[in-house]
> 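First the structure, then my questions, so here it is.
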Amino acid sequence: MNNPKAQKLLDKIQRDLMRNGIVVNTIVSDLKELRPYAVEEEDPLLAKVIRLTYEHIENYQTFAISIPEDEPVDELEDEDESETSVTPEESLDYLLSLMNDTSIKNNEMDLREYSRDLQEYEEEN
């Protein structure tokens, strides 16, 4: 996000998340406030992910989406490593960090993955 106000708001959301965990009312309100900046910057993917994220948190009172997995470099990768559990706060924090710079190709790819996962979760539940 290029707008300094959006950057400040994103930083505030991340700080609140790390200090207090997922406080549904606060994070939903802050994400709703953040979304118009993405629309203003004409970033439809980011605007969609923000909307899907706050709708998900509102509906489920948590963030039940995992961090997108990297493509394994080696197929013989240790299975125990891939089974590490990630908290909802960690996954949401990672998603918020992706929002800082959507011009990075890997960030955009992970945002698309989050978007798909959020939509699939909604359909399944």
Side-chain angles (χ1 to χ4, degrees):
M1 303 206 80
N2 300 323
N3 186 308
K5 289 180 182 177
Q7 290 268 333
K8 271 184 153 175
L9 182 55
L10 202 48
D11 290 343
K12 176 204 176 292
I13 295 169
Q14 285 186 284
R15 273 193 319 275
D16 288 349
L17 176 64
M18 288 298 106
R19 283 189 195 129
N20 309 317
I22 297 174
V23 178
V24 175
N25 294 339
T26 305
I27 200 150
V28 167
S29 170
D30 288 344
L31 286 170
K32 284 181 177 180
E33 188 180 333
L34 182 66
R35 188 172 179 273
Y37 292 111
V39 172
E40 183 181 293
E41 291 182 15
E42 298 180 357
D43 191 336
L45 173 62
L46 184 56
K48 182 178 184 177
V49 170
I50 293 170
R51 178 184 54 80
L52 291 171
T53 301
Y54 70 67
E55 287 175 352
H56 177 87
I57 293 169
E58 224 170 15
N59 291 337
Y60 302 103
Q61 304 294 300
T62 189
F63 190 70
I65 306 300
S66 296
I67 293 175
E69 291 188 24
D70 289 335
E71 295 299 319
V73 176
D74 183 2
E75 290 183 26
L76 301 175
E77 186 177 297
D78 185 20
E79 289 182 26
D80 291 337
E81 287 180 28
S82 63
E83 292 180 15
T84 57
S85 65
V86 176
T87 67
E89 291 82 5
E90 290 170 327
S91 182
L92 182 55
D93 184 54
Y94 178 68
L95 172 58
L96 293 168
S97 71
L98 296 174
M99 294 178 185
N100 271 317
D101 191 353
T102 58
S103 67
I104 298 172
K105 187 72 176 163
N106 287 341
N107 287 9
E108 181 186 338
M109 289 171 25
D110 282 354
L111 282 169
R112 288 188 189 286
E113 183 83 20
Y114 268 111
S115 177
R116 273 192 304 276
D117 291 349
L118 283 159
Q119 290 175 66
E120 286 174 11
Y121 190 91
E122 183 64 31
E123 289 170 8
E124 292 172 4
N125 296 287

> Please step through side chain to side chain contact (heavy atoms under 4.5 Å, CB included) for the pair I65 and L95, ending with a clear verdict.
CA-CA 10 Å; I65 306 300; L95 172 58; over 6 Å; no

> Quick one: does V49's side chain get under 4.5 Å of L98's, heavy atoms only?
no

> Please enumerate all residues that pass side chain to side chain contact (heavy atoms under 4.5 Å, CB included) together with T87, with sequence neighbours excluded.
E89, E90

> Using side-chain heavy atoms (C-beta onward) and a distance below 4.5 Å, is D110 in contact with Y94?
yes

> Please round to the nearest 0.5 Å and tell me the distance separating atom CG of L92 and atom OG of S97.
10.0 Å

> Count I, L, V, M, F, W, Y as connected when their side-chain heavy atoms are under 4.5 Å apart, and connections chain through other members. Are L34 and M18 then in the same cluster?
yes

> Restricting to pairs with a member in residues 48-58, which pass salt bridge (Lys or Arg N to Asp or Glu O under 4.0 Å), not counting sequence neighbours?
K32-E58, R51-E55

> Please test S91 against Y114 for side-chain hydrogen bond (donor to acceptor under 3.5 Å, both in side chains), starting from the C-alpha separation and ending with a verdict.
CA-CA 10 Å; S91 182; Y114 268 111; 3.0 Å; yes

> Who are the side-chain hydrogen bond (donor to acceptor under 3.5 Å, both in side chains) partners of Q14, not counting sequence neighbours?
D93

> Not counting sequence neighbours, which residues clear side chain to side chain contact (heavy atoms under 4.5 Å, CB included) with T102? List them please.
D43, L46, L111

> Nearest heavy-atom pair of D30 and L9: which atoms, and what distance?
O-CD2, 3.7 Å

> Report the distance from atom CE of M1 to atom CG of L10, rounding to the nearest 0.5 Å.
7.0 Å

> Sequence neighbours excluded, which residues qualify as side chain to side chain contact (heavy atoms under 4.5 Å, CB included) partners of N20?
D16, V23

> Walk me through it: do I13 and E33 pass the test side chain to side chain contact (heavy atoms under 4.5 Å, CB included)?
CA-CA 11 Å; I13 295 169; E33 188 180 333; over 6 Å; no

> Quick one: list whatever passes side-chain hydrogen bond (donor to acceptor under 3.5 Å, both in side chains) with Q7, sequence neighbours left out.
none

> Checking E41 now: which residues fulfil salt bridge (Lys or Arg N to Asp or Glu O under 4.0 Å) with it, not counting sequence neighbours?
none

> Look at the side-chain heavy atoms of Ile, Leu, Val, Met, Phe, Trp and Tyr, link any pair under 4.5 Å apart, and say whether M109 and L52 land in one connected group.
no

> Less than 4.5 Å apart, side chain to side chain, heavy atoms only: is that true for L17 and I22?
yes

> Return a table of donor-acceptor pairs under 3.5 angstrom between the side chains of residues 117-125 and protein atoms on other chains or two or more places apart.
unit_1, atom_1, unit_2, atom_2, d
Q119, NE2, S115, O, 3.3
Q119, NE2, S115, OG, 3.0
E122, OE1, Y60, OH, 3.1
N125, ND2, Y121, O, 2.9

> Kindly write out the residues that satisfy side chain to side chain contact (heavy atoms under 4.5 Å, CB included) with A47, not counting sequence neighbours, or none if the list is empty.
R35, A38, V39

> Would I50 end up clustered with L45 when hydrophobic side chains under 4.5 Å apart are linked, directly or stepwise?
yes

> Using a cut-off of 6.0 Å, state whether more than 12 heavy atoms not belonging to Q61 lie near its atom CD.
yes

> Please answer whether the main-chain N or O of A64 pairs with a side-chain N or O of H56 as donor and acceptor at a distance below 3.5 Å.
yes

> Which pair of heavy atoms, one from P88 and one from F63, lies closest together, and at what distance?
CB-O, 3.1 Å

